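Quick notes on the structure that follows.
This is a predicted model, so every value here is computed, not measured. Chain identifiers are assigned alphabetically (A, B, ...) following the order of the sequence lines, protein sequences preceding nucleic acid strands; residue numbering begins at 1 within each chain.
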Amino acid sequence: MSVERELKEQVWELPIDTRDGEFVAQYSQKGLSGLNFPRKQGHLARLPNGKPIPSEIHRWHQQTTNALVNTLSGKPIKEFPPLDLSVGTNFQQRVWQVLKTIACGNTLSYGEVADEIGDRKAVRAVGRACGANPIPVLIPCHRVLASNQKIGGFSGGLDWKRKLLAREGVLLLE
DNA sequence: TAAGTGCGTCGTT
DNA sequence: AACGACGCACTTA
């Protein structure tokens, strides 16, 4: 792999300590590209080996940290870091874009999200796209429920989904 | 009513 | 060609 290509794909991985454990944020040159839930076992995030963290990334990380902490407390996000969603297909990016519009404490059903992107019939595909969300919590896929206010699914584990919704004051059926 | 079954539909692998 | 983080319509009890 050429140096040039390696640089282009450079990714920084930085930890975020929260009351719910240590999340790990990933940054590309374009912005926040991934966010991982805390590992079961205290797995330390891999810090960039010896390379200084660009100030730009440091700033993004500060924004990510604030946004994450706010959402974990059921509070709205004041400021987003730039998001790099380029891993997603066109369809997935459209879905994730819709998710970003769901305000704290609000929810949509998978069907309603499908409506938003203009194809009610794509419900199941929407569910799949939600599951592929690389930046959970900040891109609030936990605010998408099945019809009838039922919980639906969550790739990070339903416990997380319930916890996040509870903190935002969302009532579930079941 | 509540719980269970079947199936359309669409993007992804 | 098969599979979902769905949503209906349609059984049953």
Side-chain angles (χ1 to χ4, degrees), chain A residues 1 5 8-9 11 13 16 18-41 43 45 64 67-77 80-174:
Chain A
M1 189 185 293
R5 185 163 175 74
K8 192 173 184 180
E9 294 182 352
V11 170
E13 213 173 43
I16 303 177
T18 75
R19 60 162 157 157
D20 296 299
E22 186 193 74
F23 285 70
V24 177
Q26 294 155 352
Y27 300 89
S28 70
Q29 308 280 357
K30 298 180 186 171
L32 178 65
S33 57
L35 184 62
N36 300 328
F37 285 104
R39 308 269 168 165
K40 322 256 186 230
Q41 304 294 338
H43 166 269
T64 301
L68 177 59
V69 167
N70 272 340
T71 305
L72 290 177
S73 306
K75 296 190 292 191
I77 293 173
F80 277 88
L83 305 182
D84 178 4
L85 299 178
S86 58
V87 285
T89 63
N90 188 70
F91 178 82
Q92 289 169 335
Q93 292 191 32
R94 280 161 63 208
V95 170
W96 300 338
Q97 197 56 45
V98 171
L99 302 192
K100 276 185 64 182
T101 69
I102 311 178
C104 176
N106 287 27
T107 61
L108 288 182
S109 68
Y110 294 96
E112 287 167 333
V113 173
D115 274 338
E116 292 287 319
I117 62 174
D119 187 354
R120 329 178 147 253
K121 301 187 297 293
V123 205
R124 304 192 72 154
V126 165
R128 243 170 132 64
C130 289
N133 172 19
I135 312 180
V137 186
L138 296 203
I139 293 179
C141 55
H142 60 280
R143 295 181 189 142
V144 184
L145 307 180
S147 62
N148 294 331
Q149 299 296 108
K150 293 188 17 180
I151 183 79
F154 198 66
S155 52
L158 285 179
D159 288 343
W160 274 109
K161 188 169 184 176
R162 290 197 194 89
K163 184 190 291 186
L164 292 167
L165 289 170
R167 289 182 184 170
E168 296 181 10
V170 172
L171 297 175
L172 293 172
L173 230 58
E174 265 171 331

Taking atom [atom2] of [N] as reference, at what distance in whole Å does atom [atom1] of [X] sit?
| X | N | atom1 | atom2 | result |
| --- | --- | --- | --- | --- |
| A:Ile102 | C:dA5 | CD1 | P | 18 Å |
| A:Gln92 | B:dC10 | CD | P | 17 Å |
| A:Asn90 | B:dG11 | CG | P | 11 Å |
| A:Glu116 | B:dC10 | CD | C1' | 18 Å |
| A:Ile139 | C:dA5 | CD1 | C1' | 16 Å |
| A:Arg120 | B:dG11 | CZ | P | 16 Å |
| A:Asp115 | B:dT9 | CG | C1' | 14 Å |
| A:Leu108 | C:dG7 | CG | P | 11 Å |

message: Taking A:Arg167 first and then A:Asp20, would you say they form a salt bridge - that is, a charged N and a carboxylate O separated by under 4.0 Å?
response: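 A salt bridge links A:Arg167 with A:Asp20.
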query: Contact class for A:Tyr110 vs. all strands (heavy atom < 4.0 Å): base, sugar-phosphate, or nothing?
result: base
- request: Scan A:Gly111 against the nucleic acid and name what it touches under 4.0 Å (heavy atoms): base, sugar-phosphate only, or nothing.
  value: sugar-phosphate
query: Among A:Ile77, A:Val69, A:Ile16, which residue meets the side-chain contact (heavy atoms from CB on, under 4.5 Å) test with A:Thr64?
result: A:Ile16
Nearest to the side chain of [X] - [options]?
| X | options | result |
| --- | --- | --- |
| A:Arg128 | C:dG7, C:dA5, B:dG11 | B:dG11 |
| A:Ala125 | B:dT9, B:dG11, C:dA5 | B:dG11 |
| A:Thr89 | B:dT12, B:dT9, C:dC6 | B:dT12 |
| A:Phe154 | C:dG7, C:dA5, C:dG4 | C:dA5 |

- prompt: When rounded to the nearest 0.5 angstrom, what is the spacing between CD in A:Gln93 and OG in A:Ser86?
  reply: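 Rounded to the nearest 0.5 Å, the CD-OG separation comes out at 7.0 Å.
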- request: To the nearest 0.5 Å, tell me how far A:Leu85 CG sits from A:Ile139 CD1.
  value: 4.5 Å
query: OP1 or OP2 of C:dC6 less than 4.0 angstrom from a side-chain nitrogen or oxygen of A:Ser147, does that happen here?
result: no
message: Both distances below 3.5 Å, Watson-Crick or wobble geometry, any strand: find the nucleotide opposite C:dA5.
response: none
message: Using a distance-only criterion (donor-acceptor N/O pair, under 3.5 Å, no hydrogens), is the base of B:dG8 paired with the side chain of A:Arg124?
response: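 In this structure, the two groups form a donor-acceptor pair.
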message: Could you check, using the six-membered ring where one of them is a Trp, whether A:Trp160 and A:Phe37 have ring centers closer than 6.0 angstrom?
response: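 Centroid distance A:Trp160-A:Phe37: below 6.0 Å, so yes.
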